Chemist: 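Got a structure for you, written out below as structure tokens; questions coming shortly.
Keep in mind that what you see is a predicted model, and the values were worked out from it rather than measured. All residue numbers in this chain count up from 1 along the given sequence. Quick note: numbers below take in every heavy atom, side chains included, and nothing from hydrogens, waters or symmetry partners.
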Amino acid sequence: MSEAAENTLLNRILDKVEKVGNKLPDPAVMFFGLLIIVWAFSWALSGVSFDAIHPLTNENVGVKNLLSGTEMADFLANMVNTFMGFAPLGVVLVAMLGVGVAERSGFINVAIKLMLNVTPKVLLTPVLILIAIVSHTAVDAGYVLVIPLGGVIFYAAGRHPLAGIAAAFAGVSGGFSANFVPSAIDPLLQGFTQSAAQILDPAVQLNPLNNYFFTAASSLIVMFVGWYLTDKIIEPRLNKNAKIDGDKDEMPKLEEVSPRDRKAFYAGVLTMVVGLVALYFAASAENTPLADASGELASFTAPLMQMIVPLIFLLFIIPGIVHGYLAGTFTNSQDVVGAMTKSMEGMAYYMVMAFFCALFIKAFGDSGLGTLLSIKGAQFLSSLALSGGVTMVGIIVLVAFINLFIGSASAKWALISPIFVPMLMQLGYSPDLTQAAYRVGDSISNIITPLLPYFPLVVLYCQRYVKGTGIGSLVAMMLPFTVSLMVIWSAFLIIYWSLGIPLGIQSSYGYPAG
């Protein structure tokens, strides 16, 4: 790389972001500090009237003083439950038990080697990003499965592993609203959009796949943007600045696949296929217990969706055990338990961070500060009375900003949709379009906020290869993705809408779906 190329404005900006970000305290300390700040703001603002009305309850929104005796007693009394109920913790630990066995048995390693044999090196990045995008169908599976595998795959291919982690992170989280496979998030958001639209027109009925065509097309946008940035910007910068200094014993080995390993792998895959076929027949059976009360398999309340993480556990631990015994990496049950124990050892640091993260998120939600921020931001944007296209971009920017503080897609949309959907319907813009703009904004800033519950976990994945990776390092890696997706994805939405292309399956109301 030439000196001129190394000293570009973009590299100087990213170097500054990384330098400043890495001076932040350890994530666990940072979350504790944010908890103190939330307590202080809740005390200072608890007596202030903000003239904000909750769009769902029609009640005044205020800030609750978390330092009052009652609130502090409740906080301490429920501290254990808050930590144990922290959703990402259970997802990560249970999934990693199964994935850890599959990894240490050699099953995943052989799978990657065989995949690299048939995947052209030039297509490695887009294939990884597409896999990451599809992983949304399994809710949070991508965070604990695809992102760490991105590092393993790139390292095994002779490329920088952090570039693989960045590409996978961009697909899993930055492209959260891009998917050509319908998932449970579609009916969840549609439900809030329909309720908001019925404020103005009680007869409105929206289809759960009212954004499907757009989100499917967006998969290509995210893939091509991620492909270019990973190969042309992120990886060259990492090759220059991020020397791989992780434990070599923990790195994927690059030896050829032996005949014994190959046979063991095929046996493991066969058990996985048998399990998936059994799951398919169980799910498609009449009156299946895997569906919700209305017979839906893809709703959030359906047992099938709620057992995604246990299914990941089973679909990896069983093939891993089969592979391990046949390949000779496991000789007895102690080896299997040892593999699970080893995988948990690597999660110790994450559990410490998760403890303080859970406390902060609980306090931030209880204080009302997040709700107030969302409502006031939406009211401000509404008061500008901008044109439709500009308003859509404004929604994207506003949601991306709020997403830095409130990670839940459904929680934000529950607050914002009753304001924006009826307002834009009166201007002639469909609820589908408003929801599509929200989904773009909800995705693009996921990858740069340390408040994303999985963000510290991604830092941990990076530290496996580059020990000095910090918050600033990851933010600097992902910032080009956020900025590029904000500009390109927003432009794509406006052009898509301007051409009159339907955003999804037609809904029942008097506005054009596009």
Side-chain angles (χ1 to χ4, degrees), residues 1-28 30 103 108-109 112-113 116 121-122 124-125 128-129 132 146-172 174 226-255 342 345-350 353 447-448 450 454-482:
M1 184 185 298
S2 67
E3 184 66 27
E6 292 178 359
N7 198 35
T8 61
L9 177 61
L10 177 60
N11 273 325
R12 291 199 300 270
I13 292 174
L14 295 179
D15 287 342
K16 192 68 175 179
V17 169
E18 181 174 2
K19 183 178 180 180
V20 173
N22 283 342
K23 288 184 178 179
L24 292 173
D26 183 271
M30 185 182 71
E103 180 181 7
I108 290 178
N109 203 9
I112 290 170
K113 292 175 186 176
L116 292 176
K121 193 171 183 178
V122 69
L124 197 59
T125 303
L128 174 61
I129 294 174
V146 180
I147 294 177
L149 284 182
V152 174
I153 290 170
F154 267 51
Y155 182 81
R159 299 180 59 179
H160 201 292
L162 266 59
I165 291 174
F169 194 19
V172 170
W227 186 3
Y228 175 83
L229 291 175
T230 300
D231 290 0
K232 301 299 183 182
I233 295 177
I234 305 301
E235 190 166 17
R237 184 171 181 277
L238 288 170
N239 287 332
K240 172 180 176 287
N241 295 336
K243 181 181 177 181
I244 300 173
D245 58 0
D247 186 353
K248 294 188 180 299
D249 292 336
E250 297 293 322
M251 301 292 186
K253 302 298 187 295
L254 304 179
E255 296 89 352
K342 192 71 174 177
E345 288 177 3
M347 291 294 103
Y349 180 56
Y350 176 71
M353 290 188 290
I447 49 181
I448 60 170
Y454 290 104
F455 192 92
L457 184 64
V458 180
V459 174
L460 195 62
Y461 294 148
C462 293
Q463 290 174 347
R464 177 184 182 186
Y465 301 96
V466 181
K467 295 179 180 178
T469 303
I471 291 175
S473 304
L474 186 54
V475 171
M477 266 202 306
M478 304 313 300
L479 189 59
F481 290 102
T482 289

Chemist: Q463: what forms a side chain to side chain donor-acceptor pair (under 3.5 Å) with it, not counting sequence neighbours?
Modeler: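 In terms of side chain to side chain donor-acceptor pair (under 3.5 Å), with neighbours along the sequence ignored, Q463 is linked to no residue.
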Chemist: State the CH2-CG distance between W227 and L124, to the nearest 0.5 angstrom.
Modeler: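 Atom-to-atom, W227:CH2 and L124:CG are 11.0 Å apart.
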Chemist: Rounded to the nearest 0.5 Å, what separation is found between the OG1 atom of T125 and the CD1 atom of I153?
Modeler: 10.5 Å
Chemist: What side chain to side chain donor-acceptor pair (under 3.5 Å) pairs are there with at least one residue in residues 160-171, not counting sequence neighbours?
Modeler: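 Applying side chain to side chain donor-acceptor pair (under 3.5 Å) to every pair that reaches into residues 160-171, excluding sequence neighbours, yields nothing.
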Chemist: Looking at residues at least two apart in the chain, or sitting in another chain, which of them share a side chain to side chain contact (heavy atoms under 4.5 Å, CB included) with I233?
Modeler: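 Checked I233 against side chain to side chain contact (heavy atoms under 4.5 Å, CB included); matches are L10, Y228, L229.
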Chemist: What is the distance from atom CD1 of I471 to atom CD1 of I448, rounded to the nearest 0.5 Å?
Modeler: 13.0 Å
Chemist: In sequence, state the C-alpha distance, the side-chain angles, and the governing distance for F169 and I129, and then conclude on side chain to side chain contact (heavy atoms under 4.5 Å, CB included).
Modeler: CA-CA 8 Å; F169 194 19; I129 294 174; over 6 Å; no
Chemist: Side-chain atoms of residues 161-168: list all donor-acceptor pairs with protein atoms under 3.5 Å, sequence neighbours left out, distances to 0.1 Å.
Modeler:
none

Chemist: How long is the span from the CG atom in N241 to the CG atom in L238, to the nearest 0.5 Å?
Modeler: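 Reported to 0.5 Å precision, the distance equals 7.5 Å.
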Chemist: Kindly give the heavy-atom pair with the smallest separation between A476 and R237, and that separation in Å.
Modeler: CB-NH1, 4.3 Å
Chemist: If every non-hydrogen atom of C462 is compared with every non-hydrogen atom of M477, which pair is closest and at what distance?
Modeler: SG-CE, 4.0 Å
Chemist: Side chain to side chain donor-acceptor pair (under 3.5 Å) with S473: which residues, sequence neighbours excluded?
Modeler: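 S473: side chain to side chain donor-acceptor pair (under 3.5 Å) contacts with E18, N22.
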Chemist: Give the intermediate values and the outcome of side chain to side chain contact (heavy atoms under 4.5 Å, CB included) for residues I447 and L479.
Modeler: CA-CA 8 Å; I447 49 181; L479 189 59; over 6 Å; no
Chemist: Can you sort out the partners of K342 under side chain to side chain contact (heavy atoms under 4.5 Å, CB included), two or more places apart, ordered by chain and number?
Modeler: R104, E250, E345
Chemist: Between L474 and V459, what is the shortest heavy-atom contact and its length?
Modeler: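 Answer, listing the atom of L474 first, then V459: CD2-CG2, 3.7 Å.
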Chemist: To the nearest 0.5 Å, how far apart are CG in L149 and OH in Y461?
Modeler: 9.0 Å
Chemist: Identify the heavy atoms of A170 and F481 that sit nearest to each other, and give their distance.
Modeler: CB-CD2, 3.7 Å
Chemist: Applying salt bridge (Lys or Arg N to Asp or Glu O under 4.0 Å), name anything that partners K467, two or more places apart in sequence or on another chain.
Modeler: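 Result, salt bridge (Lys or Arg N to Asp or Glu O under 4.0 Å) vs K467: none returned.
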Chemist: Show your working on side chain to side chain contact (heavy atoms under 4.5 Å, CB included) between L460 and F455 and close with a plain yes or no.
Modeler: CA-CA 9 Å; L460 195 62; F455 192 92; over 6 Å; no
